[in-house]
2 protein chains.
Amino acid sequence: MARAADASQLRTRPEDAEIDLEGLVGYNLKRAYVVVSSDFRRALGEDGFAPRQFSALSLIVQFPEIIQSELARKLGIERSGLVSIVDDLEGRGLVSRMPVPGDRRVQALTPTKDGRSAYLNARDVVRAHEAALLSDLAPEEVETLIGLLQKIRKTEA
Amino acid sequence: MARAADASQLRTRPEDAEIDLEGLVGYNLKRAYVVVSSDFRRALGEDGFAPRQFSALSLIVQFPEIIQSELARKLGIERSGLVSIVDDLEGRGLVSRMPVPGDRRVQALTPTKDGRSAYLNARDVVRAHEAALLSDLAPEEVETLIGLLQKIRKTEA
DNA sequence: TATTGTTATACTCTATAACTATA
DNA sequence: TATAGTTATAGAGTATAACAATA
């Protein structure tokens, strides 16, 4: 052999040129999400919103009187998983479960005044966190990225 | 009011035009990752590799004799979290923990013959899964997406 | 003192199944 | 029969802290 090779650092066979974890969308999605979500938590602080609380509150503010089943559907999670999220938001006085005349099975979710302002405040923090984290990307790149991610989401069953 | 509004479906105030969960990179990343990873699991089957087993095996094949600490670092997880992943791969006979002369603390991870062929086989299944799932994206779009995701990863602490 | 692999432990997120009260 | 909310439960995945062996 012409050169000594560090077996732990170099590819050793021609077919290994095809071994490329970095070329997979799934792997890169996961790694990028870890970076963004941990920075999200850092930005929102110890007792701030976790990503799922923030998403849920955002949709409750956007669609006041949304019922839990519909919110779960929009978030892409099971109804059962939403219970603790709403419990938390209600416990903080940010959201109210309201009876709906005409169907006593359902609970309409409405933001309280505190909930609306807590949301608007958190939204600004989240925007600042994304702006700082994505400062290496041009605005068009961020738009492109979001468009491509939404294209992938649309392929869902 | 000129038109009746369904409060659960329409924005009701001007400032709410700025409420836009869909405009956040983090939210879209998470949703897209859920789509891709659940399709990954479906494609690889009940007792196939989970994403993290696949990633670990891929790097062990790419870097034979890699030590556990270094593999954890490359994967972006803690050393302690890698133990059960390697236990699983070793239990299936796909990877061996080998002593390293000169430093008796470390374990070098090497794929077995079965491990290498199981990996190459799984890699083909993963590629087919991604090709099918991303068939709405042009090849340049996939490249662009991966490039942008890697840019985000590079901002990590 | 520092590092490697390991164990114990706990926490977050999520899913499934079953229950209740309604429809 | 079917649906909305709920509870109980379990399983990934991951992190932190501590330990033994070794450097």
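Proteins come first, then strands; the chains are lettered A, B, ... in the order of their sequence lines, and each starts at number 1.
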Using atom [atom1] of [X] as one end and atom [atom2] of [N] as the other, report the distance to the nearest whole Å.
X	N	atom1	atom2	value
Glu90(B)	dG5(C)	CD	C1'	12 Å
Asp87(B)	dG5(C)	CG	P	13 Å
Lys30(B)	dT12(C)	NZ	C1'	10 Å
Ile85(A)	dT6(D)	CD1	C1'	14 Å
Ile66(A)	dA4(D)	CD1	C1'	14 Å
Glu78(A)	dA8(D)	CD	C1'	15 Å
Leu71(A)	dA4(D)	CG	C1'	13 Å
Leu109(B)	dT4(C)	CG	P	13 Å

So, does [X] get its side chain near the phosphate of [N], meaning an N or O under 4.0 Å from OP1 or OP2?
X	N	value
Arg41(A)	dC13(C)	yes
Gln68(A)	dT6(D)	yes
Arg52(B)	dG13(D)	yes

Salt bridge (Lys or Arg N to Asp or Glu O under 4.0 Å) between Glu70(A) and Arg79(A), intermediate numbers included: CA-CA 9 Å; Glu70(A) 173 63 7; Arg79(A) 278 173 301 154; over 6 Å; no
Lys151(B)/Glu141(A) salt bridge by N-O under 4.0 Å criterion: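 Salt bridge present between Glu141(A) and Lys151(B).
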Nearest 0.5 Å, what's the [atom1]-[atom2] distance between [X] and [Y]?
X	Y	atom1	atom2	answer
Gln68(A)	Leu75(A)	CD	CG	11.0 Å
Leu24(A)	Glu22(A)	CG	CD	9.0 Å
Arg31(B)	Leu29(A)	CZ	CG	13.5 Å
Leu57(B)	Leu89(B)	CG	CG	5.5 Å

Within the structure shown, what part of the strands sits under 4.0 Å from [X] by heavy-atom distance: base, sugar-phosphate, or nothing?
X	value
Val106(A)	sugar-phosphate
Ile67(A)	sugar-phosphate
Arg73(A)	nothing
Gln107(B)	sugar-phosphate

Check: dT14(D) base within 3.5 Å donor-acceptor of Ser80(B) side chain: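 Not at all, since no donor on one side and acceptor on the other fall under 3.5 Å apart.
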Aromatic centroids of Phe54(B) and Tyr119(B) separated by under 6.0 Å: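 Yes, they do, as the ring centres are separated by less than 6.0 Å.
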List every contact pair, protein side and nucleotides 18-23 of chain C side both N or O, where the distance is under 3.5 Å.
residue : atom : partner   : partner atom : Å
dA23(C) : OP1  : Arg104(A) : N            : 2.8

Given dA15(C), dA15(D), dG13(D), the nucleotide with the shortest approach to the side chain of Ile77(A):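 Looking only at side-chain atoms, Ile77(A) lies closest to dA15(C).
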Cluster link Ile85(A) to Val83(A), ILVMFWY, side chain under 4.5 Å: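 Ile85(A) does not cluster with Val83(A).
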Nearest-nucleotide 5' precedence on DNA chain D, Pro51(B) against Gly81(A):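 Final value for this comparison: Gly81(A).
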